Novice: 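I'd like to ask you about the structure that follows.
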Amino acid sequence: MTDAPTPKPALHAGAIREAAFARWPAWTLILALGAAYFVTARLGLLLAIPGGHVTPVWPPSGVALAALLLCGWRVWPGIWLGSFAANLWDLVGSPTSLSTDIATSATFGAGASAAALLGAQLLFRYVGQRSPLERVRDVWAFMALGGALSCLLSATVGVTTLCLGGFTPWSAYGQVWLTWWLGNTAGVLVVAPLLLAWHRPTLSCHWTVWLEAACWLGLLIAVTSYVFVQNALPFSGRPFAFVIIPFVIWPAVRFGARGAATAVALIAVLAVWGTTRSGGAFSVGTRNESLLLLEVFVGVLVITALCIAAI
């Protein structure tokens with residue numbers, strides 16, 4: 001009679017999923033994460049509120065959380081470096097002093113790092129070593145803990161710092177805070193699942209699977225472009241975005257988390273592009289208001305698609 005296997009001790013968040021990066025030197029991962037955070041942050045800041053330094057589109061929050069889940073705690077300095085560099089670039093030239101710009105950017109980096117670390121730790125406590133995309137309850141935990149809850153921290157730290165530094169009036173605190181929080185949360189919900197789902201190599205598939213994927217991808221791009229990029233839609237003034245839903249359910253059922261995350265990411269990119277050009281179903285007010293409304297819609301798509309994929 002053989003002895004029962006000895007249970008392995010619990011590991012820190014991301015320890016199992018970091019196997020693909022275990023041999024990479026820590027400094028390489030930190031610099032790579034810092035560069036990725038910087039580039040995505042600069043893209044997000046292109047859509048910042050006019051006259052401000054807050055944007056409703058913030059993909060680096062998803063990059064940061066996914067990096068911690070995949071590579072472990074050792075890469076967190078890359079979040080701070082990327083955030084510090086991107087925000088300092090944005091603040092330099094403002095009426096405030098250089099020391100204020102540096103202190104504000106450093107605080108932004110601390111808030112971004114703390115939010116990502118909090119989200120990863122909460123997911124580790126609730127989900128364990130599994131991917132947060134495998135079960136429906138884990139998907140909800142990912143959305144609530146890794147996204148909405150942890151982003152409260154970065155939004156509060158960031159907007160309070162802006163007001164203390166004189167960049168934003170205290171009277172605008174609520175609106176700016178909502179923009180920051182929704183932008184960070186949407187970044188986690190859209191970008192992190194995409195990176196978590198695709199970090200492993202693609203398995204070989206029959207050619208018919210690739211043909212189906214190509215057909216779905218073409219139809220998704222065509223329908224999303226028609227709904228969000230075109231300025232003239234039938235039934236003008238009526239909600240028309242619901243026609244996208246079948247093209248989110250299809251990949252979630254057929255291709256799992258990878259299909260679901262890819263579908264939502266493509267929709268988000270095309271929808272943001274179209275909305276900023278005053279096109280699509282959510283162009284209803286200012287650019288900031290339109291993008292915030294769009295993010296709520298994308299959040300519903302993410303929850304729907306990932307839960308179906310997990311089922």
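Both backbone and side-chain heavy atoms feed into the values below; hydrogens, waters and symmetry mates do not. Note that the coordinates shown come from a computational prediction; the quantities given were computed from them, not determined experimentally.
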Novice: Please round to the nearest 0.5 Å and tell me the distance separating atom CG of Leu65 and atom CG of Leu195.
Specialist: 10.0 Å

Novice: Within a strict 4.5 Å, meaning less than it, do heavy atoms of the Val243 and Tyr226 side chains meet?
Specialist: no

Novice: Given Leu68, which of Val63, Leu117, Leu33 fulfils the side-chain contact (heavy atoms from CB on, under 4.5 Å) condition?
Specialist: Leu117

Novice: May I ask you to check whether over 12 heavy atoms, not counting those of Trp89, lie within 6.0 Å of atom CH2?
Specialist: no

Novice: Begin from the C-alpha positions of Gln175 and Thr168 and carry the test side-chain contact (heavy atoms from CB on, under 4.5 Å) through to its verdict.
Specialist: CA-CA 11 Å; Gln175 179 62 32; Thr168 300; over 6 Å; no

Novice: Taking the inter-plane angle between the rings of Trp180 and Phe108 on a 0 to 90° scale, is it parallel (under 30°), tilted (30 to 60°) or perpendicular (over 60°)?
Specialist: perpendicular

Novice: Should the ring pair Phe84 and Trp80 be called parallel, tilted or perpendicular, given that the plane angle runs from 0 to 90° and is split at 30 and 60?
Specialist: parallel

Novice: Can you check ring-ring contact (aromatic ring centres under 6.0 Å, His included) on Tyr126 and Trp140, steps first, answer last?
Specialist: CA-CA 11 Å; Tyr126 187 84; Trp140 280 101; over 10 Å; no

Novice: Mind checking whether Val159 and Phe167 have side chains closer than 4.5 Å, heavy atoms only?
Specialist: no

Novice: Of all heavy-atom pairs between Gly111 and Val157, which one has the smallest distance, and what is that distance?
Specialist: CA-CG1, 4.1 Å

Novice: Counting only heavy atoms from other residues, nucleotides and ligands, does the tally under 6.0 Å from CH2 of Trp170 exceed 12?
Specialist: yes

Novice: Would you call Thr104 and Asn87 a side-chain contact if the rule is heavy atoms closer than 4.5 Å?
Specialist: no

